[in-house]
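Only one structure is covered here, and it is reproduced in the block below.
Each ligand, and each atom within it, is numbered from 1 in the order the structure gives.
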Amino acid sequence: MKVVYSDLHQNHDPQLFLLRGRFKRSNEQPERAYRLLSAVQKDGHEIVAPADYGSGPRACIHSPEYLRFLETAWARWQLLDDPSEEVMPNIHPFPGQPSSYPESVVGQAGFHMGDNACSIGEHTWVAATASADVATHAAQLVLDGQRAAYALCRPPGHHAYTDRANGFCYLNNAAIAAQYLRQRYTRVAILDLDVHHGNGTQGIFYRRADVLTISLHGDPRNFTPFFTGYAHERGEAEGLGYNINKPLPLGTDLTGYLPALRDACASVKAFSPGALVVALGLDAHEHDPYKGMRISTSDFAVLLSHIAELGLPTVLVQEGGYLSEDLGPNLVSALKGFETAA
Ligand SMILES: [Zn+2]
């Protein structure tokens, strides 16, 4: 399978990450991409560099204010009195209360950054836009006739909303790829296997009927992102019925996962899309630091084989999956499962 990869992610190495009240180095490190790349290289996949797609694809998904903020925030932050190395929010607007868009970069950080897991450093914008190009290029390969292509995106994207970063994500790569595929296909489906709910993707398409969003993830009652990912969130207005959440108990193994995946695939089939985007998180793995589920390395092949059997042009977009010895093998297994069944 063609693997799209750009090394422009490597200087994005967020150091500020607030977890349960403690500052830690982010789990979302460049080493993740190196391990994924090395694994697919060793397995004989062809690596291709993305073209530069300019601002068009990201502007179809994200607001102009948000894109301007992401691009300029770090440089503006450095002009503050005694600033931190990375942009981090410390005040937020209150949902449902009257509020105005602030001029100050401190206020804008609170407006556009949903948590303390998406700090912005000097190189974040370059990495995020390159990651969006990687996803767009994989979508272009599929439009050009490839049955499937894999986008080795870093930073990941599925938590990013139209105008808000969170959970290591800045630009929603899967949403950008899906919208790009809409050039040709009337309907596109996004199937999110990351162990965390694809909250940003849900938010972006929540009122639309042309993009079906399905997410399988750890039950948010006790797992991030907590506020979304419940089965009753089904879309709104025209989009009602086109968002499907399948929260699964923490610790779910293949036996528990497969029925939910089969249901999800049946919903994709019923929607009859022209193409599919898989938000391919690998953090449901049993040894992932998040410990949300107990999917094994070989199980990923099983999951992806079911998805391949849908017979759709498919863009696989890398989401989460954190440092463990199994990260590279998990990706190789997933791609093998897809290719064997395709
Ligand atoms: Zn995740």
Side-chain angles (χ1 to χ4, degrees), residues 9 12 14 17-20 24-33 35-36 114-119 128 131 135 150-161 164-175 177 190-204 213-230 245-253 257 260-261 264 277-297 299-300 303-304 316-324 326-328 330-331 333-334:
H9 73 86
H12 168 65
F17 172 38
L18 190 60
L19 182 68
R20 293 188 278 274
K24 300 190 166 185
R25 185 180 173 195
S26 174
N27 286 328
E28 207 290 282
Q29 301 172 14
E31 177 68 17
R32 297 179 55 241
R35 288 198 194 178
L36 293 168
D115 61 17
N116 299 105
C118 56
S119 63
S131 192
Y150 165 70
L152 204 174
C153 289
R154 179 180 178 270
H158 73 146
H159 294 307
Y161 287 79
R164 194 173 69 166
N166 72 111
F168 310 144
C169 299
Y170 306 88
L171 300 177
N172 194 314
N173 306 310
I190 302 177
L191 179 53
D192 190 323
L193 303 185
D194 190 280
V195 78
H196 303 102
H197 176 232
N199 55 345
T201 315
Q202 166 173 300
I204 288 166
T213 47
I214 306 180
S215 179
L216 282 71
H217 47 263
D219 190 332
R221 285 180 299 176
N222 288 299
F223 205 56
T224 196
F226 300 108
F227 310 110
T228 61
Y230 298 90
N245 284 327
K246 294 193 169 295
L248 298 165
L250 300 184
T252 291
D253 62 9
Y257 201 98
L261 182 69
V277 175
V278 178
L280 184 60
L282 298 167
D283 44 6
H285 187 259
E286 56 192 338
H287 299 145
D288 188 89
Y290 280 95
K291 300 192 189 330
M293 289 190 197
R294 289 187 292 133
I295 299 301
S296 73
T297 299
D299 291 345
F300 279 111
L303 303 184
L304 271 290
L316 303 162
V317 176
Q318 184 63 48
E319 299 288 357
Y322 298 92
L323 292 180
S324 80
D326 303 292
L327 181 59
N330 288 341
L331 176 60
S333 169

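The number of heavy-atom neighbours closer than 6.0 Å to CZ of Arg221, taken from other residues, nucleotides and ligands shown, is 12 or below.
For the Zn ion (ligand 1), the set of nearby N, O or S atoms under 2.8 Å includes one belonging to Asp194. At least one N/O/S atom of His196, from backbone or side chain, sits under 2.8 Å from the Zn ion (ligand 1).
A side-chain hydrogen bond (donor to acceptor under 3.5 Å, both in side chains) with Arg154 is found for one member of Glu319, Gln29, Glu28 and no other, namely Glu28.
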*Before giving the answer on side chain to side chain donor-acceptor pair (under 3.5 Å), spell out for Asn199 and Asn166 the whole-Å C-alpha distance, their side-chain angles and the decisive distance to 0.1 Å.*
CA-CA 10 Å; Asn199 55 345; Asn166 72 111; 3.3 Å; yes

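Proximity of the aromatic rings of Phe168 and His196 is defined here by a centroid distance below 6.0 angstrom, and this criterion is not met.
In terms of distance to the Zn ion (ligand 1), the nearest N, O or S atom of Asp283 is named OD2.
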